[in-house]
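First comes the structure, then the notes that go with it.
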Amino acid sequence: MRTVYVNGDYLPENEAKVSVFDRGFLFGDGIYEVASVLGGKLIDFPAHMARLHRSAGELGMRFAVSDDDLLAIHRELVRRNGVEEGVVYLQMTRGATDRDFTFDTEKLTPTLVLFTQSRPLIDTKVARDGMKIVSIPDLRWGRCDIKTVQLLYPSLGKMEAKARGADDAWMVRDGVVTEGTSNNAFIVTKAGAIVTRPLSHSILPGITRATLMQYSRENGTAVEEREFTLEEAKDAAEAFITSASVFVGPVISIDGVELSGGNPGPVTLGLRKTYLEESLKRAL
Ligand code: PMP
């Protein structure tokens, strides 16, 4: 049985509880992070904590724990649960209080929950065979840059993708691709440049996105931060997604249109290799 962290305690998962009045439960008033674990070590950890601070700041949520303590909790859970490969999920909510739309943040004690999930991340079906993508309209709220636990639309979007025989969905707003349901969207041009849309309130500032762009620039791959349409994506040399748990995931078709001959593309696979090698060197 897994050990779960809840508000200062390490507990067996069936004893870990939060209040029914928790605002995360009642209002989706919570934020989260997912950091991957490779070889028992955390990938891109400082960047995930920096984004957690930003999410809390944007929502005016109290941050009642130090970064050193957060690192110690992550490591302790990885150790106790013997995680070699997998993820650590962290959720922080504004806290529990009688149900009311308005709240007094200063009087609330934030709820902090962390748990681990052990699973293969490197040798996966997605990495080997790639992902089929379908497009859906982006009907999310206007602050997709904040990593909140309001994940109903992305969850339903992924279900729709599965029902349509695909692996995931890319969302489209104002005629351009915003991002995947739980990942950032990239295309590779015929000239070999990688393209992803610039940061704004419309997408999550992905940690893997930022790290991959840095590694790409370092190894001489051209990076274009600009919007792209679904039509441009379907005509691209390759496409891929980035996220903390998939790293770099090859896309082999979009709405039934095959890319790179229906196989993971060479640029994508090269970037995946670079990302994994460099991240492992920097893992904590
Ligand atoms: N966009 C969305 C909507 C996401 O949910 C995620 C993953 N949480 C990402 C992008 C990728 O971000 P990261 O690389 O930090 O996992």
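Atoms considered below: every heavy atom in the structure, side chains included; atoms not considered: hydrogens, waters and symmetry mates. Indexing begins at 1, ligand by ligand and atom by atom, following the structure's order.
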Considering only non-hydrogen protein atoms, determine which one is nearest to [atom] and report residue, atom name and distance to 0.1 Å.
{"atom": "atom 1 (N) of ligand 1", "value": "Glu179 OE1, 2.7 Å"}
{"atom": "atom 14 (O) of ligand 1", "value": "Thr208 OG1, 2.6 Å"}
{"atom": "atom 5 (O) of ligand 1", "value": "Ser182 CA, 3.4 Å"}
{"atom": "atom 12 (O) of ligand 1", "value": "Gly206 CA, 3.4 Å"}

Of Thr111, Val18, Asp29, the residue whose pairing with Thr93 passes side-chain contact (heavy atoms from CB on, under 4.5 Å) |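 Only one option passes, and that is Thr111.
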Criterion side-chain contact (heavy atoms from CB on, under 4.5 Å) against Arg140, the qualifying member of Leu151, Thr178, Leu152, Thr181 |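 Answer after filtering Leu151, Thr178, Leu152, Thr181: Thr178.
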When the ring planes of [X] and [Y] are compared, do they come out parallel, tilted or perpendicular, using 30° and 60° as the limits?
{"X": "Phe186", "Y": "Phe240", "value": "parallel"}
{"X": "His53", "Y": "Phe63", "value": "parallel"}
{"X": "Tyr10", "Y": "Tyr5", "value": "perpendicular"}

So which bit of [X] gets within less than 4.0 Å of ligand 1, heavy atoms only: side chain, backbone, both or neither?
{"X": "Asn183", "answer": "backbone"}
{"X": "Thr181", "answer": "backbone"}
{"X": "Phe247", "answer": "neither"}

Between atom CG of Leu11 and atom CE of Met1, what is the distance when rounded to the nearest 0.5 Å?
->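 Answer rounded to 0.5 Å: 11.5 Å.
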Tell me which one of Lys147, Arg209, His48, Glu33 gets a heavy atom nearest to atom 8 (N) of ligand 1.
->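 Of the listed residues, Lys147 has the closest heavy atom.
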Can a non-hydrogen atom of Tyr32 be found less than 4.0 Å from any atom of ligand 1?
->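 Yes.
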Min side-chain heavy-atom separation Met171-Tyr153 under 4.5 Å |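 Met171 reaches Tyr153 side chain to side chain.
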Atom indices of ligand 1 within 4.0 angstrom of [X] heavy atoms, with elements:
{"X": "Arg140", "result": "3 (C)"}
{"X": "Arg51", "result": "12 (O), 13 (P), 15 (O)"}
{"X": "Asn184", "result": "10 (C), 11 (C)"}
{"X": "Ala244", "result": "13 (P), 14 (O), 16 (O)"}

Using only heavy-atom distances, determine whether the side chains of Thr97 and Lys107 contain a donor-acceptor pair under 3.5 Å.
->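 Judged by distance alone, the side chains do not pair up.
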Does the side chain of Asn219 come under 3.5 Å of the side chain of Thr221 through a donor N or O and an acceptor N or O?
->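 The criterion, which ignores hydrogens and geometry beyond distance, is satisfied for Thr221 and Asn219.
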